[in-house]
Novice: 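Please find one structure pasted underneath; my questions will follow.
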Amino acid sequence: MRTIPPLSGCPVTAWRPLRGVLTDIDDTLTEEGAIAPAALEALRELQAADVPVIAITGRPAGWSEAFAMAWPVRGIVAENGGVLLHRDGKRLSTEFAQDDAMRARNLARLQACAREIVATVPGAVLARDSGGRLTDIAVDHSEFTALDYDAIAAVCDRMRAHGLVATVSSIHVNGWIGDHSKWTAATWAVKRLTGLDFDPAEWVYVGDSTNDQLMFERMPLSVGVANIARFLPMLDHPPTYVTATERGEGFAEVARALLLARGTAGSSTTGR
Ligand SMILES: [Mg+2]
């Protein structure tokens with residue numbers, strides 16, 4: 001069994017070059033779709049310390065809109081890099097990785113693939129949040145149903161046969177057309193929301209699942225929350241460190257370590 005060093009062993013010096021935090025949402029900030037109180041408090045403390053947080057998720061744009069407005073984050077990239085949502089004054093700004101014509105062309109292919117999966121993979125149903133999806137499709141495997149590994153693999157195979165990129169989050173199998181990813185999302189959102197070119201050495205990434213693997217592979221400093229244990233056998237590239245606690249409590253561990261290294265821990269508990 002692979003072991004990952006505990007976050008408590010991460011040297012203080014590792015946090016000092018950091019400008020901000022990139023994070024997954026499901027089962028990293030949330031539990032059963034609701035943000036954990038510890039995670040929300042950690043987001044407030046990071047915002048109060050002027051540490052930008054950008055969330056990158058496989059969830060749909062429609063699901064993410066309210067949180068992009070309500071949570072103390074700079075923005076949310078939804079649909080694995082397809083859609084960027086952020087506050088612009090009092091309104092929500094929605095931007096796309098692909099232009100209107102390309103999205104329209106892809107939609108028919110995505111829908112055909114979804115129909116085939118539901119018809120041919122026993123037990124496969126589309127995710128209940130599918131109505132809010134603008135650039136991808138998602139099949140539920142653990143949110144409201146339970147698909148075994150073979151069925152999840154079959155869904156991935158069907159998506160790839162249709163020319164889709166397929167990834168597995170903690171709850172869904174997501175499929176989309178295009179070269180966007182959580183990595184391109186980071187490059188796009190950091191530039192768009194902070195004005196800075198994305199330097200991976202200046203950000204920590206926090207996640208919990210196989211769809212975070214590209215970030216674990218490419219980010220010099222990455223952290224898995226403790227519930228990542230379920231997915232470790234499937235990861236070729238595990239995170240650098242793992243937290244002692246799960247989900248939002250684990251994210252709060254990351255925030256505390258970063259703020260302690262900056263000497264700003266506990267300076268404020270109010271959002272801005
Ligand atoms: Mg997740």
Side-chain angles (χ1 to χ4, degrees), residues 22 24-26 33 54-69 73-121 124-141 143-145 147 152 154-169 171-193 198 209-215:
L22 304 171
D24 171 58
I25 293 181
D26 274 292
I54 298 169
I56 305 173
T57 180
R59 284 283 194 173
W63 184 93
S64 304
E65 285 176 352
F67 304 124
M69 293 299 287
V73 296
R74 289 289 179 96
I76 297 176
V77 189
E79 302 182 19
N80 286 298
V83 189
L84 172 59
L85 305 158
H86 62 97
R87 285 185 301 272
D88 181 7
K90 289 187 176 178
R91 59 179 281 276
L92 177 74
S93 173
T94 303
E95 301 173 24
F96 294 93
Q98 297 171 329
D99 65 26
D100 292 354
M102 183 175 290
R103 293 203 315 280
R105 278 198 303 275
N106 291 343
L107 185 62
R109 288 175 58 196
L110 290 167
Q111 290 175 338
C113 178
R115 281 194 298 272
E116 183 183 307
I117 288 169
V118 170
T120 62
V121 179
V125 293
L126 295 183
R128 289 192 191 176
D129 63 15
S130 293
R133 295 187 176 277
L134 304 177
T135 64
D136 74 348
I137 57 174
V139 173
D140 194 339
H141 71 72
E143 189 175 30
F144 297 105
T145 187
L147 287 187
I152 291 171
V155 170
C156 291
D157 286 347
R158 294 321 308 154
M159 287 181 174
R160 289 168 185 145
H162 280 259
L164 277 59
V165 177
T167 65
V168 182
S169 77
I171 52 173
H172 297 159
V173 185
N174 297 86
W176 66 91
I177 298 165
D179 59 3
H180 52 279
S181 64
K182 288 201 172 195
W183 179 259
T184 65
T187 306
W188 177 24
V190 166
K191 181 71 176 177
R192 181 72 182 85
L193 301 178
F198 175 50
S209 183
T210 47
N211 71 337
D212 299 306
Q213 178 157 241
L214 185 64
M215 304 303 282

Novice: Please report the interatomic distance CE(Met69) to CD1(Ile76), rounded to the nearest 0.5 Å.
Specialist: 11.0 Å

Novice: Given Leu84 and Leu193, is the side chain to side chain contact (heavy atoms under 4.5 Å, CB included) satisfied, shown in steps?
Specialist: CA-CA 10 Å; Leu84 172 59; Leu193 301 178; 4.1 Å; yes

Novice: What is the distance from atom CH2 of Trp183 to atom CD of Gln213, rounded to the nearest 0.5 Å?
Specialist: 14.0 Å

Novice: In the structure I gave you, are the side-chain heavy atoms of Met102 and Ile177 within less than 4.5 Å of one another anywhere?
Specialist: no

Novice: Using side-chain heavy atoms (C-beta onward) and a distance below 4.5 Å, is Val173 in contact with Ile117?
Specialist: no

Novice: Should we say atom CG of Asp179 is surrounded by more than 12 heavy atoms from elsewhere, each under 6.0 Å from it?
Specialist: no

Novice: How long is the gap from NZ on Lys182 to CG on Asn80, to the nearest 0.5 Å?
Specialist: 6.0 Å

Novice: Do the side chains of Thr167 and Leu214 get nearer than 4.5 Å, heavy atoms only?
Specialist: no

Novice: Show the numbers, then the answer: is there a salt bridge (charged side-chain N to carboxylate O under 4.0 Å, His left out) between Arg59 and Asp129?
Specialist: CA-CA 8 Å; Arg59 284 283 194 173; Asp129 63 15; 2.9 Å; yes

Novice: What is the distance from atom CH2 of Trp188 to atom CD1 of Ile56, rounded to the nearest 0.5 Å?
Specialist: 10.5 Å

Novice: Can you confirm whether Leu134 sits close enough to Phe96 that some side-chain heavy atom of one is under 4.5 Å from a side-chain heavy atom of the other?
Specialist: yes

Novice: Look up atom OG in Ser169 and atom CD in Glu143, then write down how far apart they are to the nearest 0.5 Å.
Specialist: 8.5 Å

Novice: With a 4.5 Å cut-off on side-chain heavy atoms, are Thr57 and Ser64 touching?
Specialist: yes

Novice: Is there a donor-acceptor contact under 3.5 Å linking the side chains of His180 and Glu79?
Specialist: no

Novice: Taking side-chain contact (heavy atoms from CB on, under 4.5 Å) as the criterion, tell me which of Ile137, Leu164, Asp136 meets it with Asn174.
Specialist: Asp136

Novice: Might you point out which heavy atoms bring Ala97 and Gly81 nearest each other, and give the distance in Å?
Specialist: CB-O, 3.4 Å

Novice: Are Met159 and Val139 side-chain neighbours, meaning at least one heavy-atom pair lies under 4.5 Å?
Specialist: yes

Novice: With a 4.5 Å heavy-atom cut-off, do Arg87 and Leu92 have their side chains touching?
Specialist: no

Novice: Please identify each residue that fulfils side-chain contact (heavy atoms from CB on, under 4.5 Å) with Leu107, with sequence neighbours left out.
Specialist: Gln111

Novice: Kindly indicate whether the side chain of Leu110, heavy atoms from C-beta on, has any atom under 4.5 Å from the side chain of Cys113.
Specialist: no

Novice: Below 4.0 angstrom, N of the basic side chain to O of the carboxylate: do Arg158 and Glu116 qualify?
Specialist: yes

